Amino acid sequence: MSKPRVAVHKFSSCDGCQLGILNLEDELLDLVGAIEIAYFLEATSKIQPGPYDVALVEGSVSTPHEKKRIQEIREESGVLIAIGACATSGGIQSLRNFVDHTKLAETVYDHPEYLDYLEKATPVSDHVKVDLEIYGCPVNKYQILEAVISLLQQRTPNLPTHSVCLDCKRNGTVCVMVTQGIPCVGPVTRTGCGAICPANGRGCYGCFGPAPQAELDAMIPLLQAAEEYPNQTEHLLRNFAGYAPAFRDAVDAMLEESPKK
Amino acid sequence: MTKNISIPALARVEGEGALYIRTKDNEIEHIELNIYEPPRFFEGFLQGRYFQEVPDITARICGICPVAYQMSSAKALENAYDVEISQEVYDLRRLLYCAEFIESHVLHMYMLQAPDLLGVDSVIEIAAIAPDVVKKALRSKKLGNDLLKTIGGRSVHPVSTKVGGFYRWPDKDKIKGLIEDFKWGLEFAKETARWAVGLDFPDFEMEYEYVAVSHPDHYAIYDGDVLSSTGKRVPVEDYETLYLESHVPQSTALHSHTTEGNSYFVGPLARYNLNFNQLRPAAKGIANEIGFKPPQHNPYKGLLARAIETIEVYDVALELMEAYDPQGPPHAKFDLKDGEGYGVSEAPRGLLYHRYKVGKDGLIKEAKITPPTAQNYAQMEADLARLAPEVLFDRSHEEASLALEHLLRSYDPCISCSTHFLKLKHERV
């Protein structure tokens, strides 16, 4: 079997997720032996034309050009994998989806009329069919590796779906919320980071997005009771994965019930 | 005759950019470095966020140098709230910054710029010719990432930094456990400098105004004043009296320039030229051995400045790791008040400036971030305008593109510093 041709594409993002591939220092040389890197601007100036067997897409769709380009990429790709919070939920720049974007543009730029962007920054799946999503801000690089290996082995990738909360228990990390009253969204956040925030003595801020079984209705009153500053619950959930439907809807409902302080 | 050259996608930079040049009768008519990084509005949505969220949010501006954003923002907010950090916090922040320099510099030297100097497309091809060198480079890069992970939980967007210090001290045994590997890293950094000086750098020199952070006691990365090669030295709160950003309608991006309207140069070469004398003996010794002494005016040789700086940060990191034994609290206690604060530090690719207005409710009222690539933007265009006539007319399109791309890559432009990089509507006049 010939090596699968892999392309890595960037949309609106910080580059941190595709850097995860270059950060696979121990595996990188074996990886490029098993696949053919056909398009990966951050790593190589050799640009090979499509079609590609696998496309890894980083970033959210936030400009008219990106809206068009994601369609083209979908057409020339076999398996399309969205990597990271931006590609799977819109990412940090989707915070603009909740406010008046013209005011935002005026705040930052002297001449907003020269900007060319979409009102909303949205996940790849809002535009094209996505075959697999890998979450996190940034992604866990080993989940990208697992996805590629699973394709090579023609099996389903093993990507866990439990919450960060469970990882703390497994790691023996004492709960920061129960013992110190620090607001933590670990119980409703997808695993993948290794529960590093509670291990560092702080609450999880939800950068891997909602866990599939997240009980936000139960969690939000607990978070609100523990707030260290007004509206902290909204800040925690309306964050790097704030446009993910579960977080988005929960905060919308919460704000409807109890408007901002 | 009119000839257009267009490099639609720029490879091996972080973020994406493009370059457009229009010529007429072998003269450059128009040159435009076009960054099609979409606007992400960081300074806009920071307004109304709680100050303690800022280091986490600004980290997301750049996945390659998140620590730089965390440091400049934490420092600016500490300045605003009159927070004194302890010596132990100061030392650990310097150590964290060393880790980011190792990761970013090794990445740039071996994976982003060296392929140009060796005439190949990527590090993968270098690995085919010299697998041992690439394996060592990957090990060195990984050591930077290992230290980032030890202090910050993960290497991209670490989670331990807060305004006032750290959420928790990293484990002492884990820090000490890296020392032996870092000794190897220091030796490999020296090996890298000896190897790199033999690379075939293009002849190219320009008159530059260099600007970098400068500290009286050491080679500045984490803190200091803002120093220019014109001799001007100002404290961070006066940065905006000398360096301005403007949104030029006919241009494609925000440009920084001096108040006199000149372009200037930030990054490893600027630091090297301004602060060489403060390098420690290990780095200075190798600089002398390979004959790389300031002043240096060839932007391609930023790679050599990176190589010497990598020795410096390994050396500093080892000292800080040996001494690491925190006894006091990991973060300071302080009261909130209305105020304004300034922070500056050296990202691996150059000076990074932050300013915030804050309230006693802890909320951000105003944010201003000037990333290194915005500051180099005008200089990169000037360099390209100078190089273009030399390569455009007697070389093939492909060769000319490559030469211009290489010049740009030598700046290590972090185009995803997207606070200020954007694609504007194309104006046809």
Side-chain angles (χ1 to χ4, degrees), chain A residues 10-20 22-23 25-26 28-29 32 37 40-47 62-63 65-66 91-93 95-96 99 101 103-105 107-111 113-117 121 137-138 193-194 196-197 199-202 205 207 229-230 232 235 239-240, chain B residues 9-16 36 38-45 47 49-50 53 56-57 60-64 66 107 111 115 121-124 127 131 134-135 138-139 141-142 145 153-157 159-160 162 167-168 246-247 249 254 361-362 402 405 416 418-419 422-425:
Chain A
K10 176 192 153 66
F11 285 71
S12 297
S13 65
C14 78
D15 287 70
C17 290
Q18 50 178 319
L19 180 66
L22 298 180
N23 278 350
E25 290 99 354
D26 292 336
L28 191 66
L29 296 180
V32 298
I37 302 279
F40 185 4
L41 281 184
E42 189 174 286
T44 174
S45 41
K46 186 183 276 176
I47 296 172
S62 82
T63 67
H65 175 68
E66 288 182 335
I92 187 76
Q93 53 277 355
L95 287 180
R96 76 163 175 257
V99 297
H101 66 89
K103 279 193 187 143
L104 216 48
T107 304
V108 183
Y109 299 100
D110 289 341
H111 295 281
E113 71 275 17
Y114 288 102
L115 300 175
D116 194 13
Y117 64 94
C137 179
C193 64
I196 52 177
C197 282
N200 270 278
R202 62 181 295 193
Y205 56 81
C207 67
Y229 59 90
Q232 186 179 9
H235 286 221
N239 209 343
F240 306 105
Chain B
L10 194 60
R12 296 205 315 277
V13 299
E14 300 99 21
E16 295 188 9
Y36 51 84
R40 291 169 72 209
F41 304 114
F42 274 90
E43 288 145 315
F45 56 66
Q47 286 185 7
R49 300 300 292 209
Y50 193 62
E53 297 182 278
D56 295 323
I57 292 175
R60 267 70 181 185
I61 292 171
C62 176
I64 322 274
L107 173 81
M111 300 175 102
D121 291 320
S122 72
V123 71
I124 300 162
V134 172
K135 278 180 193 159
L138 288 169
R139 182 179 169 195
K141 178 171 163 298
K142 184 164 185 260
N145 281 332
R154 62 184 168 201
S155 64
V156 179
H157 307 328
V159 301
S160 63
K162 70 185 294 192
Y167 283 94
R168 176 172 287 181
S246 60
H247 195 173
L254 289 192
D361 54 4
L402 193 65
E405 268 192 62
S416 63
S418 51
T419 43
L422 52 134
K423 188 193 177 195
L424 302 178
K425 272 181 203 152

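Every value quoted in this text rests on a predicted model; they were computed, and no experiment measured them. Labels below follow one simple rule: chain letters A, B, ... track the order of the sequence lines, proteins then strands, and each chain is numbered from 1.
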**B:I64/A:E42 under side-chain contact (heavy atoms from CB on, under 4.5 Å): CA gap, chis, key distance, verdict** = CA-CA 11 Å; B:I64 322 274; A:E42 189 174 286; 4.2 Å; yes
Given side chains that start at C-beta, do those of [X] and [Y] come closer than 4.5 Å, heavy atoms only?
X      : Y      : answer
B:L107 : A:L19  : yes
B:S122 : A:K46  : no
B:I124 : A:T44  : no
A:L95  : B:R49  : yes
B:K141 : A:N23  : yes
A:L29  : B:L138 : yes

**When B:K135, B:H157, B:K162, B:R139 are compared by non-hydrogen pairs under 4.5 Å with chain A, the top option** = B:H157
**Request:** Please state whether the side chain, the backbone, both or neither of A:A105 comes within less than 4.5 Å of a heavy atom of chain B.
**Result:** both
**Side chain, backbone, both or neither of A:V32 within contact of chain B (heavy atoms, under 4.5 Å)** = side chain
**Asked** side chain to side chain donor-acceptor pair (under 3.5 Å) with B:D361: which residues, sequence neighbours excluded?
**Response** none
What heavy-atom pair brings [X] and [Y] nearest, and what distance separates the two atoms?
X      : Y      : answer
B:F45  : A:Q93  : CE2-CA, 4.2 Å
B:G44  : A:L104 : C-CD1, 3.4 Å
B:S160 : A:N200 : CB-OD1, 3.6 Å

**Request:** Give the member of A:G91, A:C207, A:S62 that has the highest number of heavy-atom pairs under 4.5 Å with chain B.
**Result:** A:C207
[X] side chain to [Y] backbone, donor-acceptor under 3.5 Å:
X      : Y      : value
B:R168 : A:A199 : yes
A:R96  : B:R40  : no
B:R60  : A:C137 : yes

**Request:** Just say parallel, tilted or perpendicular for the rings of A:Y109 and B:F41, cut-offs at 30° and 60°.
**Result:** perpendicular
**Message:** Taking salt bridge (charged side-chain N to carboxylate O under 4.0 Å, His left out) as the definition, give me every residue that meets it alongside A:R202, ordered by chain and number, with sequence neighbours left out.
**Reply:** B:D56
